[in-house]
Number of protein chains: 2
Amino acid sequence: MSDRVSTRQRRLLLEILRETGSHLSAKELFRQAVQRDPRISLASVYRNLHLFEELGLVDGKRLDRNCCYYEVKRSRQHYDLVCNCCGRVTEFESPLIEKLVGEVQERTAFEVTKAVLYLEGYCKQCEGQSKKP
Amino acid sequence: MSDRVSTRQRRLLLEILRETGSHLSAKELFRQAVQRDPRISLASVYRNLHLFEELGLVDGKRLDRNCCYYEVKRSRQHYDLVCNCCGRVTEFESPLIEKLVGEVQERTAFEVTKAVLYLEGYCKQCEGQSKKP
DNA sequence: TATTAGAATAAGAATAGTTCTCATTCTCAA
DNA sequence: TTGAGAATGAGAACTATTCTTATTCTAATA
Ligand SMILES: [Mn+2]
Ligand SMILES: [Mn+2]
Ligand SMILES: [Zn+2]
Ligand SMILES: [Zn+2]
């Protein structure tokens, strides 16, 4: 597994992802990486994020129209809550998703390999903003 | 509502979306529109898709990394199953999603305004392909 | 019907995220 | 130490989408 995480660049990128703990865009990851190793290139960031995903080390999620956000994969599956107002991302777990997937597989004979799910709305700090422009 | 759907271009775009019944990308919608009205522009497609979304006539969903897919909004909410192999999109409904949203709102005090959900996998015709490259 | 102000359009330039290309550099097994 | 193959950096290319602006259209009014 970590067999293939053998270059300076890969070690650095994983390190940052692990320290940060959540939801970095490629651009932001690049920004942080450059501070520690000015020679790293954006191409390496993308290249290695794809590799990490293939290796199952990292999860990439599209939490908005613009770009993908990456985070180290944890043992427990979770989903995200994205605030329309402040942009903060919080997380939740629920057995209902597994249940939903099970039901769909039975009912439709579709073999599910991945559930893409996130919820948009307003976090506690931003509540009431929903009526604003 | 249809007040503002008053131009030649808007009528044509809605017509195509309604006839097709599902899941057109902006590009594909433009391709079809050009056949009936060679003077229409891609900018009008995007401009009016956004308008239709605001008016609640159309739903835009990002079903893959690349682009948004649009379909006329129907009375009953549904979610999509996207086949990794042939790309076909099928649909399903389930009360579990509403239930999930309710639970999350109670548990986390996050006010949900939208659930973004689709399932990836293999459709009946493509089953068994999951072990392939 | 003619006028006209404001809305919408076409065309293409601009932008942003991502992927690709390829010459150069690195890694590691022999 | 060497050399083959893997990985990188730099920037070009690509793709979906948004923006800009001169022109055209719409619809309310006279
Ligand atoms: Mn997360
Ligand atoms: Mn659908
Ligand atoms: Zn917030
Ligand atoms: Zn299929």
Side-chain angles (χ1 to χ4, degrees), chain A residues 1-17 23-55 57-71 82 87 89 116 118, chain B residues 1-17 23-55 57-71 82 87 89 116 118:
Chain A
M1 179 193 289
S2 286
D3 273 336
R4 301 184 50 195
V5 183
S6 51
T7 69
R8 180 167 45 90
Q9 294 86 343
R10 287 176 185 176
R11 281 188 298 270
L12 174 58
L13 293 173
L14 267 184
E15 200 174 294
I16 293 170
L17 285 163
H23 304 124
L24 287 174
S25 64
K27 195 176 167 188
E28 175 62 20
L29 178 55
F30 176 62
R31 247 179 26 79
Q32 295 197 33
V34 163
Q35 296 187 328
R36 303 198 205 172
D37 176 357
R39 288 180 304 168
I40 199 171
S41 82
L42 184 58
S44 289
V45 171
Y46 279 106
R47 225 180 349 235
N48 289 318
L49 281 171
H50 292 326
L51 174 68
F52 298 158
E53 281 194 289
E54 275 167 31
L55 295 177
L57 297 173
V58 160
D59 255 350
K61 300 177 180 180
R62 244 211 160 66
L63 298 181
D64 66 32
R65 269 180 157 30
N66 303 322
C67 69
C68 269
Y69 294 87
Y70 297 86
E71 62 182 338
V82 184
V89 177
V116 175
Y118 66 92
Chain B
M1 178 192 289
S2 286
D3 274 335
R4 300 183 52 193
V5 183
S6 51
T7 68
R8 181 168 44 90
Q9 293 85 344
R10 289 177 184 174
R11 281 188 297 270
L12 174 59
L13 293 172
L14 268 185
E15 197 175 294
I16 293 170
L17 284 162
H23 303 123
L24 289 173
S25 65
K27 195 176 166 189
E28 174 62 19
L29 177 56
F30 175 61
R31 248 181 22 80
Q32 294 197 33
V34 163
Q35 296 186 328
R36 303 199 205 171
D37 177 357
R39 288 179 305 167
I40 200 171
S41 82
L42 184 56
S44 288
V45 172
Y46 280 105
R47 214 174 317 120
N48 289 319
L49 281 171
H50 292 326
L51 174 69
F52 298 158
E53 281 194 289
E54 274 167 31
L55 295 178
L57 297 174
V58 159
D59 254 349
K61 300 176 180 180
R62 209 180 250 301
L63 298 180
D64 66 33
R65 270 181 158 25
N66 302 323
C67 70
C68 269
Y69 294 86
Y70 298 85
E71 63 182 337
V82 185
V89 177
V116 176
Y118 65 93

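Naming convention: chains lettered A, B, ... in sequence-line order (proteins, then strands); numbering from 1 in each chain.
- Out of C:dT9, D:dA27, D:dT8, the shortest distance to the side chain of A:Asn48 is found at D:dT8.
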Name the pairs: protein N/O against N/O of nucleotides 19-23 of chain C, kept only if under 3.5 Å.
| from | atom 1 | to | atom 2 | distance (Å) |
| --- | --- | --- | --- | --- |
| C:dT19 | OP2 | A:His50 | NE2 | 2.6 |

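- Remark: A:Arg62 engages no residue in a salt bridge (Lys or Arg N to Asp or Glu O under 4.0 Å) (not counting sequence neighbours).
- At the phosphate of D:dA16, neither OP1 nor OP2 sits under 4.0 Å from any side-chain N or O atom of A:Asn66.
- Over its full length, the helix from C:dT1-D:dA30 to C:dA30-D:dT1 turns its helical axis through 20°, comparing axes from the five pairs at each end and rounding to 10°.
- At D:dA27, one or more side-chain N or O atoms of B:Ser6 fall inside 4.0 Å of OP1 or OP2 (strictly under the cut-off).
- Taking each heavy atom of A:Phe30 and A:Ser41 in turn, the nearest pair found is CE1-C, 3.6 Å.
- Distance A:Arg10 CZ to C:dC26 C1': 11 Å, rounded to the nearest Å.
- Closest contact between the side chain of B:Cys68 and the listed nucleotides D:dA16, C:dC28, D:dT17 involves D:dT17.
- When each of C:dA10, C:dG17, D:dG9 is scored by its nearest atom to the side-chain atoms of A:Arg39, the top-ranked nucleotide is D:dG9.
- Distances shown here put a side-chain N or O of A:Gln9 below 4.0 Å from the OP1 or OP2 atom of D:dG9.
- Residue A:Ser44 places its side chain closer to D:dT8 than to any other of D:dT8, C:dA10, D:dA16.
- Taken from CD1 in B:Ile40 to CZ in B:Arg10, the straight-line distance is 11.0 Å, to the nearest 0.5 Å.
- Note on A:Thr7: a side-chain N or O is less than 4.0 Å away from OP1 or OP2 of D:dT8.
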